[in-house]
Each structure stands twice: as C-alpha cells, then as structure tokens.
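Just so it is clear: chains get the letters A, B, ... in the order the sequence lines come, proteins before strands, and each one is counted from 1.
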Protein chains: 2
Amino acid sequence: MKQDSRLSATLHVLLHMADRGAPMTSEELAVCLGTNPVVIRRTMAGLRETGLVRSEKGHGGGWTLARALDAITLGDVHRALGEPALIALGHRSESPQCLVEQAVNAALGEAFAEAEALLAGHFDRVRLSDLAADFSRRFDERRQVHAKHDKAL
Amino acid sequence: MKQDSRLSATLHVLLHMADRGAPMTSEELAVCLGTNPVVIRRTMAGLRETGLVRSEKGHGGGWTLARALDAITLGDVHRALGEPALIALGHRSESPQCLVEQAVNAALGEAFAEAEALLAGHFDRVRLSDLAADFSRRFDERRQVHAKHDKAL
DNA sequence: TTTCATGTAACTTTTAATGTTACATGATTG
DNA sequence: CAATCATGTAACATTAAAAGTTACATGAAA
C-alpha cells in the first residue's frame, strides 16, 4: 500500500515557515522536503483556501503562516488537504447485494470508524505549537550534546 | 489513496467456504468476488501457510477451512495476509536528519500507533463466527420480509 | 522592463494492488 | 493409463493515486 505523506510533508513545511518568520519561496520549501516546487504550490493551494497560509508573488514573496502555531491543529491541516482517507483498508463494494459481504462490511466498517475517530480526535487535540515545542526540546538537546563534545576537546 | 481490500475479500471468501461445508474451487470463489481465480489462489496461499485453510487438487478439490469459525479472528486473517499497513498516512522519511521532521514524525507516529493498536486489538477480538452470526441475522431478516411480502399477495 | 515568485495545466513516473495469460504439477475418474 | 479437473506459479498487463516534471501565464517588486 502506497502511503500518503502529504500531511507529514505539510506539517514539516509549516513548521519551517513559522521558524523562519519571513516569507519562504516554494523553491526553498521544496529543498527542505527534497521535492519539486510545484508539488509545494499544489499542496499549499488547499491550505490557502482554508486560510492557514498566505502567498505573495514577486520579489520578497513566498509563503507565510496566516495564523499563530497554537491556532492550527493537525486536524485543520488534514481537512485543508481534503481529508484524505486515514485507514488503508477498504471494502470491495460499498453496497453489496451479497449478505455475506454485507456482514463483512458491517464488521470492518465499525472497526475502521472507531480507529478513524480516534485518529481524527487526536489530530484535533494536537496543535502545531506542540510540535514546535518538541522541536525546540530536540534542538536544545542537540546543543547540549555539542557543548559536551566541545568541552571534551 | 488506493485502498487495500484483501482483508475484506478474504473474509468474504472464508465465510462462503464455511457456509458451503464442501471444498470450493478458486473458480467458484472468484465468481463470489467478481474477480479472477488466480487472485484467489494468490491470496489464499498465505492463509494455507498459516494453517487457516487447506487446498486439494484434482476432482472434488478446492479450498476448505482448516479451523472452526470461532477459532479464527480477523487478526489471524490480517496476519496471514502479511500484515498490510492499516494506516493510510506515512512519514516522508523514516529517520530524518532534520529536527523539524523528527518532531513531525514523533507526533504523527504516536497518533498512528494509537489508532493501529486500537484497530489491531479490535481485529483480535472479533471472530469469523461473529460475522457468520451477523450474516444469519441478516438472512432471517430477509426471509421475514419475503414471507410478509408473499402473505400480502 | 527585467526579474522573481506564484498559478496552473498537462504530462510523466512511481508504486502497489489487481487482473490476465500460459503452462506445470498433482489428484481423481472412467 | 489417459482425460479431466484443480491447484501452483511465473510472467506479464492494467489500474489508480501520489509524486514529480515541464512549460508557460500572471502579477509584484526592484
């Protein structure tokens, strides 16, 4: 199953934008992700419509966050991406004649809905500011390791 | 995102096999699913190795359940299929250098693991006999509707 | 007016599931 | 034993969605 990494990529990009504080071009963001600028524009287009980011053309232009990090949840981003499916498994047919398949769909559908609700709920509770805080923690941790290393020399 | 319907298809097939009570050929099972016999053989090969089904060649041959319906969970079937991914979303890179991406992976990974555990747990608690019971309920329901209809004529 | 950046259409590539064809192997039946 | 039936499997083709690419239009700033 080919996995959809748009949410992951978008979160990555949004955090870099917040970290920068100034507009970032699609080109710069594409380098962050190791991808193509057009992929960035395509992905960000949905976020702009939802009011999560803004774009500016011309010199000094690029992408900026339209809201504070603590005003954007993972759920907001997921919805802005068009709510791609969370569960990798599916039914063979949505409204089957066969009673056996109906029973299978009912059992699986219930399980899928449960997991999807859990995940969606989690997404709605986590804010980009939470990720940014975790990033800062990792950053400080690395700095301490480096300081220790420098001292040892 | 293209969804994986092998679990759904396999459950469907296993219930039909149980319902029949005699060996069913790949051809017959393929008709149930509206697919190709080779797809059936390919899918069932894994289940045979795990001891969920048996296959017999030649006249009167075909596929049979190797265990009772209440001795097979959805989890057993999922594992026999090679444990395909349950979550449709993924990371861009598994062990990124970038601290931002590490923070993203950590946050998403936790959410994914939670949902996956919930789904896997659900699968381990549901048996094929539960689905068969639901099928029987649907079957009786339909019979009653038909009886009522016949009476009305 | 040149340069930089987004906006977007159209296309190719990639990947995994799914479907198909062809043929070998083994079991049953007459 | 030979014909038939069924699985076993390799080697393809097809499909669908993400991802990547190319080309060019649009608009803003220097």
>> Without decimals, in angstroms, what is the distance between Ile40(B) CD1 and dG8(D) C1'?
In response: 15 Å
> Hey, which of these two, Pro84(A) or Met24(B), hits DNA chain D nearer its 5' end, going by closest nucleotide?
Replying inline: Met24(B)
>> What is the separation between atom CG on Asn36(B) and atom P on dT14(D), rounded to the nearest whole Å?
In response: 14 Å
>> Salt bridge or not between Asp140(A) and Arg143(A)? Use side-chain N to carboxylate O under 4.0 Å.
In response: no
>> Strictly below 4.0 Å: does Ser55(A) bring a side-chain N or O up to OP1 or OP2 of dG7(C)?
In response: yes
>> Using the rule side-chain contact (heavy atoms from CB on, under 4.5 Å), only one of Gln102(A), His91(A), Glu101(A) pairs with His12(B); which is it?
In response: Glu101(A)
> Could you state the CZ-P distance from Arg92(B) to dA18(D), rounded to the nearest angstrom?
Replying inline: 14 Å
> If you check every side-chain atom of Val38(B), which of dT4(D), dA22(C), dT7(D) has the closest atom?
Replying inline: dA22(C)
> Are Val31(A) and Leu99(B) co-members of a hydrophobic cluster defined by side-chain heavy atoms under 4.5 Å apart?
Replying inline: no
>> What is the separation between atom CG on Asp4(A) and atom P on dA16(D), rounded to the nearest whole Å?
In response: 18 Å
> Between Arg41(A) and Ser5(A), which is nearer to the 5' end of DNA chain D once each is assigned its nearest nucleotide?
Replying inline: Ser5(A)
> Quick one: Leu29(B) CG to dA6(D) P, roughly how many Å, whole number?
Replying inline: 12 Å
>> Nearest heavy atom decides the nucleotide; on that basis, is Gly60(B) or Arg48(A) closer to the 5' end of DNA chain C?
In response: Arg48(A)
> When the distance from CG of Leu81(A) to C1' of dA17(D) is rounded to whole Å, what number comes out?
Replying inline: 15 Å
> Within the structure, does a side-chain N or O atom of Arg42(B) lie under 4.0 Å from either OP1 or OP2 of dT9(D)?
Replying inline: no
> Among dT18(C), dA18(D), dT21(D), which is the nearest nucleotide to the side chain of Arg6(A)?
Replying inline: dA18(D)
> Taking CD from Glu28(B) and P from dC5(D), how many angstroms apart are they, rounded to a whole number?
Replying inline: 13 Å
> Counting just side-chain N and O atoms, does Thr25(B) come under 4.0 Å of either OP1 or OP2 of dA6(D)?
Replying inline: no
> Given dT21(C), dG20(D), dG26(C), which nucleotide is nearest the side-chain atoms of Lys57(B)?
Replying inline: dG26(C)
>> Please identify which of these residues, Thr73(B), Leu86(B), Asp76(B), meets the side-chain contact (heavy atoms from CB on, under 4.5 Å) condition with Phe123(B).
In response: Leu86(B)
> In terms of side-chain heavy atoms of Trp63(A), which of dG7(C), dG20(D), dT21(C) is nearest?
Replying inline: dG7(C)
>> Within a 6.0 Å radius of atom CZ on Arg127(B), are there more than 12 heavy atoms belonging to other residues, nucleotides or ligands?
In response: no
>> From C-beta outward on His59(B), which listed nucleotide comes closest to its side chain: dG20(D), dC5(D), dG8(D)?
In response: dC5(D)
> Taking atom P of dA27(C) as reference, at what distance in whole Å does atom CZ of Arg54(B) sit?
Replying inline: 16 Å
